[in-house]
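Bear in mind that the values here come from a model prediction, so they are computed numbers and not experimental data. Proteins get letters first, then strands, A, B, ... in listed order; numbering begins at 1 in each.
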Number of protein chains: 4
Amino acid sequence: MGSTFGHLFRITTFGESHGGGVGVVIDGCPPQLPITAEEIQVELDRRRPGQSKITTPRKEADQCEILSGVFQGKTLGTSLTILVRNKDTRPQDYSEMATTYRPSHADATYDAKYGIRNWQGGGRSSARETIGRVAAGAIAKKILQQIAGVEVVGYVKRIKHLEGNIDPETVMLEQVESNIVRCPDAEAADRMIDLIEQVRDQGDSIGGVVECVARQVPKGLGEPVFDKLEADLAKGMMSLPATKGFELGSGFAGTLLTGSEHNDAFYTDEQGNIRTKTNRSGGTQGGISNGENILIRVAFKPTATIRKAQETVTSEGEAAILAAKGRHDPCVLPRAVPMVEAMMALVLCDHLMRHHGQCELL
Amino acid sequence: MGSTFGHLFRITTFGESHGGGVGVVIDGCPPQLPITAEEIQVELDRRRPGQSKITTPRKEADQCEILSGVFQGKTLGTSLTILVRNKDTRPQDYSEMATTYRPSHADATYDAKYGIRNWQGGGRSSARETIGRVAAGAIAKKILQQIAGVEVVGYVKRIKHLEGNIDPETVMLEQVESNIVRCPDAEAADRMIDLIEQVRDQGDSIGGVVECVARQVPKGLGEPVFDKLEADLAKGMMSLPATKGFELGSGFAGTLLTGSEHNDAFYTDEQGNIRTKTNRSGGTQGGISNGENILIRVAFKPTATIRKAQETVTSEGEAAILAAKGRHDPCVLPRAVPMVEAMMALVLCDHLMRHHGQCELL
Amino acid sequence: MGSTFGHLFRITTFGESHGGGVGVVIDGCPPQLPITAEEIQVELDRRRPGQSKITTPRKEADQCEILSGVFQGKTLGTSLTILVRNKDTRPQDYSEMATTYRPSHADATYDAKYGIRNWQGGGRSSARETIGRVAAGAIAKKILQQIAGVEVVGYVKRIKHLEGNIDPETVMLEQVESNIVRCPDAEAADRMIDLIEQVRDQGDSIGGVVECVARQVPKGLGEPVFDKLEADLAKGMMSLPATKGFELGSGFAGTLLTGSEHNDAFYTDEQGNIRTKTNRSGGTQGGISNGENILIRVAFKPTATIRKAQETVTSEGEAAILAAKGRHDPCVLPRAVPMVEAMMALVLCDHLMRHHGQCELL
Amino acid sequence: MGSTFGHLFRITTFGESHGGGVGVVIDGCPPQLPITAEEIQVELDRRRPGQSKITTPRKEADQCEILSGVFQGKTLGTSLTILVRNKDTRPQDYSEMATTYRPSHADATYDAKYGIRNWQGGGRSSARETIGRVAAGAIAKKILQQIAGVEVVGYVKRIKHLEGNIDPETVMLEQVESNIVRCPDAEAADRMIDLIEQVRDQGDSIGGVVECVARQVPKGLGEPVFDKLEADLAKGMMSLPATKGFELGSGFAGTLLTGSEHNDAFYTDEQGNIRTKTNRSGGTQGGISNGENILIRVAFKPTATIRKAQETVTSEGEAAILAAKGRHDPCVLPRAVPMVEAMMALVLCDHLMRHHGQCELL
């Protein structure tokens, strides 16, 4: 289990890094939405390996095929299937993994859980699995944009200790895409790129923080108790590979304020809309969107696969030294941006539909 | 929707702060587990209001009744129902809330979503809803303890800037319960209590961080892709009222390390178990437990309800000033500890059963 | 598990025949629907024991209390909880069941599954569990009626071999309620009542068929593949106690026709609506409602509990003779009518909301 | 939605008759189960078109590819993906369907629901969708067989009025497969084949009843209330194309008996097992398997697509005459047998795992 996400807009990703391919089944998509493989490809290209000098050199075109669910350029309302064939697999790069556990990877836990493991890559734990999420996210974004003009923009907020100065109110996709590290603060981006290259050359890796904003989100999305918007966002983000933390609005730093400092005062704007003067809440109150920007941050650990020699054990428990030979990212963050955006869009789209089904019925 | 949590061990909480009562239906509980109302009451007493000078003076005995599912002291395997009647409701304390939105509360978003709201308290957004979670968590804890000796211990790690020095490897429930703020560092606890009282006297509130550890968790719990253990923990925690952030293991601070610093080296211990020398992973790799301690942190914002005057608007959008008269906690952390433990136990118990159903079948 | 039904309009029933009470949590109900305990009570009174000379003499007022979810006469949009306390329990009537299995009852299977059983009644297998369904069904009916004028009418079609002559196109609730057996063919009803009394006096029991029609159902409800309208109806009906079969439209008899005889020819009516001349399909094609009447039939076996002596075994496997002393229905059909209607309404209401959420969004 | 079935053993079918292919994602499969594409192909071959003179002449090899989830001949525990490419599509055969509704088909309801339809075949309503079910069913059967020696055998019980005489206690797969109509009563099979050919030559179609038995099913499978074994079986069967009715055990005919005639008397067999002397219950009591044979029957209507001219309308509502030119089955029953078996196996396997996860934990 665990391959399905969402309630009304429901996706099931499939496939492994070293089998016949990966993809996604999208069930519950509204009908008559114009969509093309090219639109989906745009997002996949932001995610694919080999896109720049600071990502893994593994070359995958990640070309998507829409197997079903679209007819004459429009969604049918029935499920879509999107398939991406695997191309550049080199199982021989992984032969050492057949017996030796990569530290902080899923090798040992998959063996512990299942007693068997596809050591020719990471199986379902491979980041290739996120292709399905990003493809589905492209469709979710389009629905959100068409229904309510929702904009979802993610970007690299921090690489290790290097933090960008970015205004979530105004940041645009074009700025994010203007450099290869996807940090819309150009000056910080340069330093980040330098640091990533330096770390890569040392055979090491680094992590950081992706921030993501959703603007123009209608009021009322999210549900009380367990399906609060931030709860579903947290699950979505913490299900991405390499994540260690999630924050909404003021996040952990908000715990340093008093209530009178932290509360978002209400006011009525010129159009008569009830708004908040600040947005420490991060766009939800009681788990339900309040019309302000949804603002979240996700911590990504440094890539576990590194060239530096590490102490580990074999699957038999024998001590061993491992120095990875496979091709890998020295820093996952530039490629993580479209993944975070996808999960944001998937959660919002699902809740938009749930809200419409329940609260806009009578 | 949104009132149900869990897949095999599945709970549905019900009720509101100012109606006939609150409680929980627990479906999927293993049969023949000895359980008494008294055992559940122990946990509810840790959560209930009026338990100390630093919590809300609202007096609720929160006495639980097991309506169904237990026979001659043992679970039947069929669903349990646990009911707690509401007693000390003073709707008049809330009359101002009929028209005036409390900043950073769910009043405005519930109105936006539903066009109607029970202003005699917070309805389903009330923290009283968590009674059902804590009651169910008591049963989940007992199952975990009986099956695998799992220990779940939560505690206050930080109140505002005051941080306790606590070793998650060894901390015991008795230490947590040894003071009213539930911080097992006695010296820090004293300062925390002083700060809470000081802030309360100013009509203000503060927040902080709860840390929770689960020890002796079997290897193999959690599922690939969307139902990673940390994803379900994040959802569970971020569905608690007043939460703003979630971390596993190294969390956000882990992003400041390099991969070679962050990775947990494997070794084989004297019993022949494959272990990790460090636990920056926080007990999971690839979303699946690795036998090390599950270690998480949850950020709780300062209580939104404060006595200090605040700018707000009425439901008609007119500017207003609000100074809360209701009884409330100046700091939710001491009472949040059993809630966090409950969510940890619920997630682990569900995944223990899921793992057993799938991977220990053949 | 197994206590929850529905996807957007989702109910969780709770309680046992001989514990503190039974009821239901209804999650996902549209907000602002006017509803009173009295309206729910009307349906519960159609279901309750002791309502006539041909039902069990067990006296239960089955008075419902709305614990949460309704404020000033309207639904809040958050979950409703409805509780019915048990009153007339006589555990001593069941003492023999502690050790002796009632044939064709759930005693032996519950013991086999769980290794424990509440022998003071049937536990969750008791027909009292259906109180929650009927209460929730009352609300679903009201939603269906308000949104689209949907009418759901169930009735006894056959008792043993005695079949009523009823036109599903026109039959009205008043006709159903005009006699105690709930067969709107008055002449057949008299014979049915006679037969039930005769069988009861012999210490035996009988079964039959309930038919249920839903009129004015909008086109488009139901989903392809697994959640076809008839699939969810079949699940709902076959989850009722004592059911042995389910049919839609022509049902089993339809297999005796050829395709040219069975197909429903399309035509366009005077209002320009595409209709079918016949309705052998029973109101769905490809699992989706076509605007014609949804017509189903459900087979209920003769009540398993009878006064006549029967061969059985004890839980230890010793041969035994059992002659039931508890109070029971000689024929469940009159009381099954509101249960069937409730399940029909629950399925339609859930699919109405799902359809609205997906297909009426763009 | 609607493309996913099962709770622990969960399948998601995908694809359309006239797109890139069809298949299934199987999530929750136990690890280390030996499985090959050849084993799955055996079942697909029983389902595929063109297999005999009484099925559609459409030629599809329906060759399956295992895209993921199997490594070195064994299941990985993570999800399996099975893909079957479409080959013999002739969209031109369907050009008339672009505008003209086929009576008793899903054309009109899909248009009503979605406002769009893939008229080059039936889209998701095509019986090709069941390829995914049959492939997944092959794996479910193997699990059931390995864990508990469960045998699932389906067969044609009746074609129109021609009924076979078959003993569900002893019937074997070899007998079912010994003739092209899959009726293990050889004499009846001959008459059935004659009738199908005769009806086909008239441009018409016929239906019938498939019976399916599961033997050696462990006691205790199924759950109280909504997830009774027969409820999930009913849903599974009624989600198959062309089904109109479902029965368990005595079924509709059981309603003609009295309770004393219908009840299954208990006895203890020589091995000390508690058994029932008869099996009118059909293998479940209270929704839970009792160790007797699970016995169900499913009514399949006559194929809707016929060559005979029929009255219908266009999508614009204009009257039209339709005489199908596509290739189709004059009787779906022979190919429906593996579909019914698949759904039986999927439901049992899911409940076997659920039962193990909950009731065999402590």
Side-chain angles (χ1 to χ4, degrees), chain B residues 1 4 6-12 25-35 68-69 74-81 139-140 142-150 218-228 286-288 348-362, chain D residues 1 4 6-12 25-35 68-69 74-81 139-140 142-150 218-228 286-288 348-362:
Chain B
M1 297 234 323
T4 298
H7 197 71
L8 270 192
F9 191 87
R10 176 183 280 182
I11 72 167
T12 300
V25 179
I26 304 165
D27 213 5
C29 185
Q32 304 188 48
L33 180 81
I35 195 82
S68 69
K74 290 186 177 174
T75 57
L76 282 165
T78 52
S79 61
L80 286 88
T81 316
I139 295 171
K142 188 149 188 194
I143 295 167
L144 290 166
Q145 202 280 329
Q146 288 223 347
I147 300 291
V150 175
K219 292 183 180 191
L221 307 195
E223 299 194 0
V225 191
F226 297 111
D227 295 353
K228 292 185 167 82
I288 295 169
L348 291 178
C349 184
D350 188 33
H351 275 286
L352 183 74
M353 292 170 65
R354 289 166 69 164
H355 178 70
H356 189 72
Q358 180 193 0
C359 297
E360 296 174 356
L361 183 75
L362 287 176
Chain D
M1 296 231 326
T4 299
H7 197 71
L8 272 193
F9 191 87
R10 177 184 280 183
I11 71 167
T12 300
V25 179
I26 304 166
D27 213 5
C29 185
Q32 304 188 49
L33 181 81
I35 196 81
S68 68
K74 289 187 178 175
T75 57
L76 284 165
T78 51
S79 60
L80 287 88
T81 316
I139 295 172
K142 188 148 187 194
I143 295 167
L144 290 166
Q145 202 279 328
Q146 287 223 348
I147 300 291
V150 175
K219 292 183 180 190
L221 307 194
E223 298 193 359
V225 191
F226 297 111
D227 295 354
K228 291 185 168 82
I288 295 168
L348 291 178
C349 184
D350 188 34
H351 275 287
L352 184 73
M353 292 170 65
R354 289 166 69 164
H355 178 70
H356 189 71
Q358 180 192 1
C359 298
E360 295 174 356
L361 183 75
L362 288 176

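- Note on Glu223(B), Gln146(B), Met353(B): by heavy-atom pairs under 4.5 Å with chain D, the leading option is Met353(B).
- Annotation for Lys219(B): atom NZ counts as buried by contact number, over 12 foreign heavy atoms lying within 6.0 Å.
- Nearest approach of Gln32(B) to Leu362(D), heavy atoms of both residues: C-CD1, 4.5 Å.
- Not counting sequence neighbours, the partners of Glu360(B) by the side-chain contact (heavy atoms from CB on, under 4.5 Å) test are His355(B), His356(B), His356(D).
- Put simply, of Thr78(B), Asp27(B), Ile147(B), Leu33(B), the one with the most heavy-atom pairs under 4.5 Å next to chain D is Ile147(B).
- Here the shortest heavy-atom pairing between Pro31(D) and Gln358(B) reads CD-O, 3.8 Å.
- Nearest heavy atoms, Leu361(B) versus Ile143(D): CD2-CG2, 4.2 Å.
- Scanning both residues, Leu8(B) and Gly357(D), for their nearest heavy atoms gives CD1-CA, 4.3 Å.
- Side chain of His7(B) to backbone of His7(D): a donor-acceptor contact under 3.5 angstrom is found.
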